[in-house]
Amino acid sequence: MTPNKPVKLNREFYTRNLLIVARELLGKIIVKRSGGKILSGKIVEVEAYHGDYDQASHAFRGKTKRNEVMFNEGGCLYVYFTYGAHFCANIVVGKKGKGIAVLIRAIEPVEGIDVMIKNRFGREIIQYKEKYSLTNGPGKLCQALGINTTHNGTDLTGNEIFILDQPKLKGKEIGVGKRIGITRSVDLQWRFFIKDNSFVSRK
DNA sequence: ATCAAGATTACCT
DNA sequence: GGTAATCTTGATA
């Protein structure tokens, strides 16, 4: 018997209920291939955004040029630019036309850490100490993985960016809280993170 | 045409 | 702990 090869998450995974998909994304491995290099990391923190009754969602006021990818069928990447400096990556969830997505807030680097350091700081750093600051925030992980708006709409069932299945976490391993950095619908407890993981953006 | 806010980060005390 | 940086988007203050 050869060891089981990690399986790429398929369309059926993404087209289910928002909060179920958000929780189950924790622990999965996001992979980005670029120029023969593999960059990957374990998803350790996410937030859910719904288009209908969630005023914090970009999709709440309907489809615009920026957010149109959110209304695709689940299983593609929604990337936007914010604060004049940062990109944020979201996984579109649910059925076509809904406007539902999960923001990836933090990952723990797995493969290609040397490239991530170079992407973040513009140079190589030998014996880099504060590894957690590489990818412990939505803007940081996009910079580390080299994700920008050219990746907006990327199909996650393809070969450039995809997510590998991992064993489902136990309920007690998952922390829940309010979302960060928003001013509307602030009371929804739609932030999920892996407890005791040092790459989670905040306590 | 104009303007304020924004799913943030880095740097300061 | 606090805030400046920086620019695109979406609403029209």
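Each chain gets a letter, A, B and so on, in the order its sequence line appears, and its residues count up from 1.
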Exercise. What distance, rounded to whole Å, do you find between the two P atoms, one in B/dA5 and one in C/dT3?
Worked result: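 That atom pair is separated by 16 Å.
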For this session: Could you tell me whether A/Tyr83 contacts a base, only the sugar-phosphate backbone, or nothing, with contacts defined as non-hydrogen atoms closer than 4.0 Å?
Result: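 A/Tyr83: base contact, heavy atoms under 4.0 Å.
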Atom-pair distance ([atom1] on [X]; [atom2] on [N]), nearest Å:
| X | N | atom1 | atom2 | result |
| --- | --- | --- | --- | --- |
| A/Phe87 | C/dC7 | CZ | C1' | 11 Å |
| A/Arg184 | B/dA5 | CZ | P | 11 Å |
| A/Gln55 | B/dG6 | CD | P | 12 Å |
| A/Arg179 | B/dG6 | CZ | P | 13 Å |
| A/Gln143 | B/dT8 | CD | C1' | 12 Å |
| A/Phe60 | B/dA5 | CZ | C1' | 17 Å |
| A/Glu45 | B/dT8 | CD | P | 10 Å |
| A/His58 | C/dA11 | NE2 | C1' | 14 Å |

Problem set entry | Sub-6.0 Å ring centroid separation between A/Phe199 and A/Tyr132 |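 Centroid distance A/Phe199-A/Tyr132: not below 6.0 Å, so no.
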For this session: Run the ring-centre check on A/Phe60 versus A/Tyr53 and record whether the distance is less than 6.0 Å.
Result: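 No, they do not, as the ring centres are separated by 6.0 Å or more.
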Exercise. Using a side-chain heavy atom cutoff under 4.5 Å and only I, L, V, M, F, W and Y, what cluster partners does A/Val110 have?
Worked result: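 Its cluster mates, by chain and number, are A/Ile29, A/Val31, A/Ile38, A/Phe162, A/Leu164.
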Exercise. Which residues, ordered by chain and number, are linked to A/Ile20 in its hydrophobic cluster, where ILVMFWY side chains connect at heavy-atom gaps below 4.5 Å, directly or through other members?
Worked result: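 A/Ile20 shares its hydrophobic cluster with no other residue.
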Exercise. Nearest nucleotide by nearest heavy atom, which residue falls closer to the 5' end of DNA chain B, A/Ala101 or A/Arg120?
Worked result: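 Nearest nucleotide further toward 5': that of A/Ala101.
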Exercise. How do A/Gly84 and A/Lys140 order along DNA chain B: which one's closest nucleotide is nearer the 5' end?
Worked result: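 That would be A/Gly84.
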Exercise. Does any donor atom in the side chain of A/Asn136 or A/Lys140 lie under 3.5 Å from an acceptor atom in the other side chain?
Worked result: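 A/Lys140 and A/Asn136 do have a side-chain donor-acceptor pair below 3.5 Å.
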Reckon [X] has a side-chain N or O less than 4.0 Å from the OP1 or OP2 of [N]?
| X | N | answer |
| --- | --- | --- |
| A/Thr183 | B/dG6 | yes |
| A/Lys65 | C/dT8 | no |
| A/Thr64 | C/dG10 | yes |
| A/Arg66 | B/dG6 | no |

Exercise. The side chain of A/Phe81 lies closest to which of these nucleotides: B/dA10, C/dC7, C/dA11?
Worked result: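 Ranking B/dA10, C/dC7, C/dA11 by closest atom to the A/Phe81 side chain puts C/dC7 first.
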For this session: Just compare C/dG10, C/dC7, B/dT8 and give me whichever is closest to any side-chain atom of A/Cys88.
Result: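 Minimum distance to the A/Cys88 side chain belongs to B/dT8.
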Exercise. Which of parallel (below 30°), tilted (30 to 60°) and perpendicular (above 60°) describes A/His58 and A/Tyr78?
Worked result: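 Perpendicular, since the angle between the ring planes exceeds 60°.
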Exercise. Taking a pair as Watson-Crick (N1 to N3 plus N6-O4 or O6-N4) or G-U wobble (N1-O2 and O6-N3), both under 3.5 Å, which stems of 3 or more consecutive pairs involve DNA chain B?
Worked result: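 Listed by first number, the stems are B:1-6 with C:7-12, B:8-12 with C:1-5.
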For this session: May I ask you to check whether over 12 heavy atoms, not counting those of A/Lys131, lie within 6.0 Å of atom NZ?
Result: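 Atom NZ in A/Lys131 is not crowded, with 12 or fewer foreign heavy atoms closer than 6.0 Å.
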For this session: Please determine if A/Arg16 forms a cation-pi arrangement with A/Tyr14, meaning its NZ or CZ atom is less than 6.0 Å from the six-membered ring centre and no more than 45° off the ring axis.
Result: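 Because its charged atom misses either the 6.0 Å distance or the 45° angle limit, A/Arg16 does not stack over A/Tyr14.
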